[in-house]
Amino acid sequence: MGGEERELGEGSNVKANAKRRRRTWLKRKEKWLVVLGVVLHAVYMLSIFDIYFKSPIVHGMDLVTPRFKAPAKRLVLLVADGLRADKFFESDSEGKFRAPFLRSVIKEKGRWGVSHARPPTESRPGHVSIIAGFYEDPSAVTKGWKANPVEFDSVFNRSRHTFSYGSPDIVPIFCAGLPHTTWNSYPHDFEDFATDASFLDEWSFDQFKGLLNRSKEDPKLKELLLQDNLVVFLHLLGCDSNGHAHRPYSSIYLNNVAVVDSIAERVYNLLEDYYRDNRTSYVFTADHGMHDKGSHGDGHPSNTDTPLVVWGAGVKHPKPVSSSNHSDCGFRFVDEHMHDTPTPTKWGLHGIERVDVNQADIAPLMSTLLGLPCPVNSVGSLPLDYIDMIKEDEVEAVVANTKQILNQFLRKSQTKQSNSLYFKPFKPLGDYSSLLDKIEDLISIRDYAVARKLSEDLRVLALQGLHYFQTYDWLMLMTVIILGYIGWMTYIVLHVLQSYTSLAGYMFRKEQADHQTDNTRKVQLCGCLFLGLLCIILFKEHSPPLYHAYTSMTVFLWTQIFSEYRFIKALWKELYGRRINYFAKILAIGVFSVFILEFLVNSFTQRKLYTWCFLVSGVISFLYLLKLIPWRSGIPIFVCVACWFLSVFTLMPAEIPDNNRLVIGSGVMIIMIGVAARLLDLHTEGNKFWLSICNHDKKQPKFPMLFQLQALLVGLSSVMVSISTSHRTQKQELLALHQITNWSIAGISIVLPLFSANGLLSRLTSIFLGFAPTFLLLSIGYEAVFYGALALALMAWILVENTLIYSSKVNRFSSSFNNMEDNVILDGRYLQLSDVRIPLIFMVLFNVAFFGTGNFASIASFEISSVYRFITVFSPFLMAALLIFKLFIPFLLVICVFSAITKLNRLPRLGCYFLVILFSDVMTMHFFFLVRNTGSWMEIGNSISHFGIVSAQVVFVLLLFAVTNIYTKDINIGSADRSSRKAM
């Protein structure tokens, strides 16, 4: 007997040691996995800048010298910033036109049309497009859209001298670094939205007029002005400033249209009188339009449609409309508008031919008028309908434009080929040299029509080739990144299955029994060799360092996955023996999970989806609980009402209006919720349903008056909301006494939950009341009510989970007991398939914690006035910290409840955390494909921020888990089965 007991004792010690080793291994692996996740998401987050935001600008191309005589000696560019096409061309209410001089030019002297801008319709990209001939450099996102990160060529660069006057935000971009410029700009304080900004336009004109007057007394300036290849650029900001301040339908904006027309007339008369040689060309246009709301940036026609009027030397005269004027009716402009869009009748110009262009086409137009090489980075196509040349010169101009774009293509092709071991050329331009020879032959035999057509076709192919090489690495990079995300998610799934499911104990015993690790080492060796080979290839191709990082991360993950081939094999055998019903259940849960995640993706742009979500959830929960609870209970009704109450907030505007009465009333509501929870906690003794979540400890609590103190602080914070706000509004200051009181209330209330009873409902009620005073003091309107509504919804979630546990208690505990011999999870059970609902519900509530009171696009949708009860003196870091803490409070509440529910279900919290990260990365992959590098700056910025926010959840959620663990780690779950479990 003694020998048998000794053997049993030794056997139990071996098992205990094995379990201890298993737990140590699990902790070590989890730490390593978290670090890997943080590094992986940080590296992959940078990939969007290599894929979507790479500069299209290349250097090293030769200039294409024109082979025709310059039609003009000088060119005047007038840009009316923010001038809409319709407001410029249409008549006013009295039938008079706002720009009489330029209309007379359209009818008698020159050509006209609409210049189509490409979003983002902002001043800097608009001017770059007009003057340099290319659209927004997407890599400018790295400079906050304030400057181009790469140097570029422009018409000003090619000129002999440029004279430029206007805004300090525009003129220096093109002139500050050029030696052959004379420029000036007014101070920033001139741009005052409270005044009529048309005086800014007059300032630019006066500067230029003063220059001409000075030349009469300055021989050097006079000599400079008489040279050829001169450019005069006047930037007229008035319409933009007045549009922002007063809207584009205001009298101030519309009067400003007459001002720029008057300036155009005065500039024309001034120069014609000065030179008297008819060798000056004039271009009048705008960089972007103006929306009725007084904003611009997106692709709305009011922003993309701008006027274009060209006249003077080398410009064709007006031409009557005829059916044969245009042939390419299927052509679309960069703003997606169809070619030959009908001219509105109210413009009064339907009888005169209208020639629309893309905004970037203006740069080659200006270069051709001056006989200069096109800017080497231009992608604009020369609009021949504006230029008055003989047929031979027309063709030469088109050929020069084509060669300039073709040179960019050849440079990109050459650069990529020299750095590629396996180069895939752009096949349509494989024989470009023979096409050029053919064009030259056609010109020599004077077949100008065919030569022009071939040149234009070659130009189109060259533009397609530029796009081909701009996106050359996309397939490779996207494949590597997506394989990396899939590998990471697969590895997470394997880890969860190995560590937190019933397969864990079985597989660990198999691992202990099988000491053959040779095959695992072979897999790792193969992975290292493959990674080394890829790195050598990338090195030979002179790839950026981040390319190596993306590839290394992806190969490393898949090597780790294949190293677990024995577990994967055992898992396959385990699943292979299951019935078809099990696979159907897995498929159903998978489809439902993807549906929820896609719902969350769409909710980033449509907050109202949460309203439908909670309305439907309320009805389904009501019906399900009604069926599940055998006795009469108010729980189904409460859960339904809580869901419906929360659904209201995502219908409200993201910009929260001030309403102090609502904040004070919310304080009363929060106290009432706390009192109800307290009464429930104290008066449900003897009811087995409430045993798990209520505190029925017979011992006297350490702080019996804690609840009353917390309720008092909530009431006091409501009073301080009223006192602080009214005094600050009347006296325009925050009293030091009020400030100290508010800081004290916030500081004390956050600490108090640590001293509350450790029952689930007791602790969560205390946490809810503990964060409430700070949230109320930082609230200005309906978000204070949202805090209470969110708490009710979280309570509803707890009640649903408790009902599920109560109704299936026997099955749950029996499944746990069956595995207890192998269970390495402390005080818990293994994850089951049905537990997937918990991280999914958490993700919905986690997102609604933000969407309930604001717009996910930007922290700017949250009012800075929220912090005025704590500080009024401008302190950006402290104010931002308070604002961010306010945003975090609902998150903290959701995570505290999530932690409590994992304890209630006896689930491993880290296992659920890894499932949350898994689901977040499904969303991350979707957002990866939604990143935009075209459109308005807000659309581009939002697409980046959405991808970044979801990618950062691996760190964000982990940090919040660590913070909330201070409050939730000692929550105690009551159970009728505890004594029986201890006995077992």
Side-chain angles (χ1 to χ4, degrees), residues 39-63 134-143 147-153 375-379 404-430 432-433 461-485 487 526-559 928 931 933 944:
V39 173
L40 178 137
H41 286 81
V43 170
Y44 283 177
M45 207 184 298
L46 297 173
S47 67
I48 59 170
F49 298 103
D50 281 321
I51 295 171
Y52 296 104
F53 299 99
K54 210 167 188 177
S55 177
I57 300 169
V58 287
H59 298 96
M61 293 83 66
D62 294 328
L63 292 172
F134 68 89
Y135 299 105
E136 175 63 86
D137 180 354
S139 66
V141 68
T142 59
K143 298 279 185 177
N148 274 79
V150 182
E151 288 298 319
F152 57 88
D153 193 19
V376 294
N377 306 119
S378 170
V379 294
Q404 170 265 318
I405 295 173
L406 186 64
N407 281 351
Q408 292 182 74
F409 163 79
L410 294 174
R411 181 62 180 169
K412 281 198 170 188
S413 177
Q414 180 190 353
T415 304
K416 185 54 67 177
Q417 186 172 7
S418 64
N419 293 334
S420 298
L421 296 177
Y422 174 67
F423 176 68
K424 294 182 291 182
F426 183 65
K427 291 180 181 178
L429 282 178
Y432 74 92
S433 55
L461 288 175
L463 289 169
Q464 291 173 2
L466 282 175
H467 183 263
Y468 172 79
F469 284 113
Q470 180 67 19
T471 60
Y472 188 86
D473 290 333
W474 278 24
L475 180 62
M476 182 273 288
L477 286 174
M478 284 185 162
T479 303
V480 168
I481 300 301
I482 292 304
L483 282 175
Y485 276 121
C526 289
C528 290
L529 291 173
F530 182 60
L531 177 59
L533 177 65
L534 289 177
C535 286
I536 290 170
I537 292 171
L538 291 171
F539 181 77
K540 287 281 187 183
E541 294 189 342
H542 304 284
S543 298
L546 277 174
Y547 282 30
H548 293 263
Y550 307 145
T551 308
S552 301
M553 198 69 71
T554 300
V555 173
F556 173 76
L557 281 167
W558 283 99
T559 302
F928 177 73
V931 173
N933 58 3
I944 297 171

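No donor-acceptor pair closer than 3.5 Å links the side chain of W474 to the backbone N or O of Y52. T554 places a side-chain N or O within donor-acceptor distance of the main-chain N or O of V480, the cut-off being under 3.5 Å. Side-chain atoms of S55 come within 3.5 Å of backbone atoms of I57 as a donor-acceptor pair (strictly under, hydrogens ignored). Between the side chain of D50 and the main chain of Y547, no donor-acceptor pair closer than 3.5 Å is present. Q408 contributes no side-chain N or O that, together with a main-chain N or O of M61, makes up a donor-acceptor pair within less than 3.5 Å. A donor-acceptor contact shorter than 3.5 Å is absent between the side chain of H548 and the backbone of L534. A donor-acceptor distance shorter than 3.5 angstrom exists from the side chain of Q404 to the backbone of P375, with no hydrogens or angles considered. A distance-only check finds a donor-acceptor pair linking the side chain of Q470 to the backbone of K54 [under 3.5 Å].
Contact annotation: the side chain of Y432 approaches that of L429 to within less than 4.5 Å [non-hydrogen atoms, C-beta and beyond]. Residues V376 and D62 have side chains not in contact (no heavy-atom distance under 4.5 Å, counting atoms from C-beta outward).
Once rounded to the nearest 0.5 Å, the distance linking CD1 of I51 with CG of L477 reads 5.0 Å. Atom-to-atom distance recorded for L538:CG and L546:CG is 11.5 Å, nearest 0.5 angstrom. For the atom pair S378 OG and I405 CD1, the distance stands at 6.0 Å (nearest 0.5 Å). With rounding to the nearest 0.5 angstrom, the CD1 atom of I48 is 10.5 Å from the CE atom of M478. To the nearest 0.5 Å, atom OG of residue S543 and atom CG of residue N419 are 8.0 Å apart. Interatomic distance, CG of N407 versus OG of S413, reported as 12.0 Å (0.5 Å rounding).
Taking both residues in full, the closest heavy atoms of F928 and S47 are given as CE1-OG, 3.6 Å, listed atom of the first, atom of the second, then distance. Between L461 and P428, the closest heavy-atom pair is CD2-CB, 3.9 Å. When all heavy atoms of N377 and F152 are compared, the closest pair comes out as OD1-CA, 3.4 Å.
Partner F134 forms a side chain to side chain contact (heavy atoms under 4.5 Å, CB included) with one of V379, L466, D153 and no other, that one being V379.
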(message) Test side-chain contact (heavy atoms from CB on, under 4.5 Å) on L557 and L483; report intermediate values, then the result.
(response) CA-CA 9 Å; L557 281 167; L483 282 175; over 6 Å; no

(request) Evaluate side-chain contact (heavy atoms from CB on, under 4.5 Å) for R411 paired with Q414, printing each intermediate quantity in order. (result) CA-CA 5 Å; R411 181 62 180 169; Q414 180 190 353; 3.8 Å; yes

(request) Decide yes or no on side-chain contact (heavy atoms from CB on, under 4.5 Å) for S418 and F423, but give the supporting numbers first. (result) CA-CA 9 Å; S418 64; F423 176 68; over 6 Å; no

(request) Mind running side-chain contact (heavy atoms from CB on, under 4.5 Å) on F53 and V931 for me, showing each step along the way? (result) CA-CA 10 Å; F53 299 99; V931 173; 3.7 Å; yes

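Partners of Y485 by ring-ring contact (aromatic ring centres under 6.0 Å, His included), not counting sequence neighbours, listed by chain and number: Y44. Residues forming a side-chain contact (heavy atoms from CB on, under 4.5 Å) with L421 (at least two apart in sequence, or on another chain): I537, K540, E541.
Under the 6.0 Å cut-off for aromatic ring centres, F469 and F409 qualify, their centroids lying closer than that.
Other residues, nucleotides and ligands place no more than 12 heavy atoms under 6.0 Å from the CG atom of L475.
A perpendicular orientation is assigned to the rings of Y468 and Y472, their planes being inclined by more than 60° (bins at 30° and 60°).
Among pairs with a residue in residues 416-426, those fulfilling salt bridge (Lys or Arg N to Asp or Glu O under 4.0 Å) read K416-D473, at least two apart in sequence or across chains.
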